[in-house]
Amino acid sequence: MSLSASPDEVATASILSRHLGAHRKFYIFQGALLAVVGFLALLAPFAATLASTIFFGWLLIVGGAIGIVSAFRARKAPGFWANLLLAVLAAILGLVMIVDPLAGSITLTWLLAVFLLLSGLFNIAVARAVRGYTTRFWLLVASGIIDIVLAMVLILGLPGTAIWAVGLFLGLSFLTSGLALLFAAIEAPKPASSL
């Protein structure tokens, strides 16, 4: 264990390492899959941007439709008009994203920036937790820093970055997160029963 780790960090690292070790195959598969998806998105960032925009557009349409039905089913409940309005707006936003994916990609760029910022902060927090049992915790730190930098580049480059950046940055995020998870799972101690 690291000499600078607090008792809470040591306990967290122990729990996390046991969990990673006990579910090693799943996390190795998940890390490898994320890395492959990230690599493919890097090869075709414009296609990845369009696919992401259309995917989220359909999610908003389905969510909006379900929200509209739910609002009418509970029309006597407080907040009926607010629930109905939000559901209709979600469905309209989804329709706009599908009809004009390039315009929808600006909205998706903002959502991706928030996702990357949160993902970066999470990866750095996990790196602190696992630094006591792996020397490769720096991969998680690097992944977190990359995610935060990518979020800032997305925000500062709008609207021009919306066309290509979503696919490219999603690819980079998936690739680095996948490799970090893959190596963390590989280095996690095996459960006592399999030793």
Side-chain angles (χ1 to χ4, degrees), residues 26-67 85-131 136-186:
F26 172 76
Y27 286 113
I28 288 173
F29 173 76
Q30 183 182 359
L33 184 62
L34 279 172
V36 168
V37 168
F39 180 72
L40 293 175
L42 288 176
L43 291 179
F46 182 69
T49 297
L50 288 178
S52 300
T53 303
I54 292 169
F55 174 75
F56 281 109
W58 278 110
L59 283 179
L60 285 169
I61 288 173
V62 170
I66 291 170
L85 180 62
L86 286 175
V88 168
L89 288 176
I92 290 171
L93 178 60
L95 187 62
V96 167
M97 291 177 85
I98 289 172
V99 170
D100 189 359
L102 295 178
S105 68
I106 292 175
T107 301
L108 189 58
T109 300
W110 276 104
L111 292 174
L112 180 60
V114 170
F115 164 77
L116 288 171
L117 185 62
L118 294 175
S119 174
L121 294 173
F122 176 76
N123 282 344
I124 290 170
V126 170
R128 287 188 54 168
V130 301
R131 73 177 177 197
R136 296 194 184 183
F137 73 92
W138 62 269
L139 287 170
L140 284 168
V141 173
S143 175
I145 291 170
I146 288 170
D147 284 353
I148 292 169
V149 168
L150 294 177
M152 293 299 107
V153 170
L154 274 176
I155 292 168
L156 296 175
L158 280 170
T161 56
I163 294 172
W164 57 267
V166 171
L168 180 69
F169 291 175
L170 255 173
L172 283 171
S173 177
F174 283 172
L175 182 63
T176 58
S177 295
L179 290 174
L181 180 60
L182 178 67
F183 286 120
I186 288 170

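One-based numbering along the sequence shown.
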Result for side-chain contact (heavy atoms from CB on, under 4.5 Å) between W58 and one of I98, L95, T53 points to I98

Hey, mind stepping through L168 and L42 against side-chain contact (heavy atoms from CB on, under 4.5 Å) and telling me if it holds? CA-CA 5 Å; L168 180 69; L42 288 176; 3.4 Å; yes

Can you measure from CG (L34) to CG (L175) and round to the nearest 0.5 angstrom? 9.5 Å

Rounded distance [0.5 Å steps], CD1 in I163 versus OG1 in T49: 9.0 Å

Just wondering, do F56 and L59 contact through their side chains at under 4.5 Å, heavy atoms? yes

With sequence neighbours left out, the residues meeting side chain to side chain contact (heavy atoms under 4.5 Å, CB included) with L121 are I148

Of all heavy-atom pairs between F174 and G38, which one has the smallest distance, and what is that distance? CB-CA, 3.7 Å

Please identify each residue that fulfils side chain to side chain donor-acceptor pair (under 3.5 Å) with N123, with sequence neighbours left out. S143

What distance do L181 atom CG and F29 atom CZ have between them, rounded to the nearest 0.5 Å? 12.0 Å

Separation of I54 CD1 from M97 CE (nearest 0.5 Å): 9.5 Å

When every non-hydrogen atom of A41 is compared with those of A48, the smallest separation belongs to CB-CB, 4.0 Å

Rounded to the nearest 0.5 angstrom, the CG-CZ distance for D147 and F115 is 7.0 Å

Atom pair CZ (F137) and CD1 (I124), whose distance is rounded to the nearest 0.5 Å: 12.0 Å

Determine whether S52 and L170 make a side-chain contact, defined as any pair of heavy atoms from C-beta on separated by less than 4.5 Å. yes

Please report the closest heavy-atom contact between S105 and L102, naming both atoms and the distance. OG-O, 2.6 Å

Using a 4.5 Å cut-off on heavy atoms from C-beta on, say whether the side chain of L182 contacts that of Y27. no

Of all heavy-atom pairs linking I61 and A91, the shortest is CG1-O, 3.7 Å

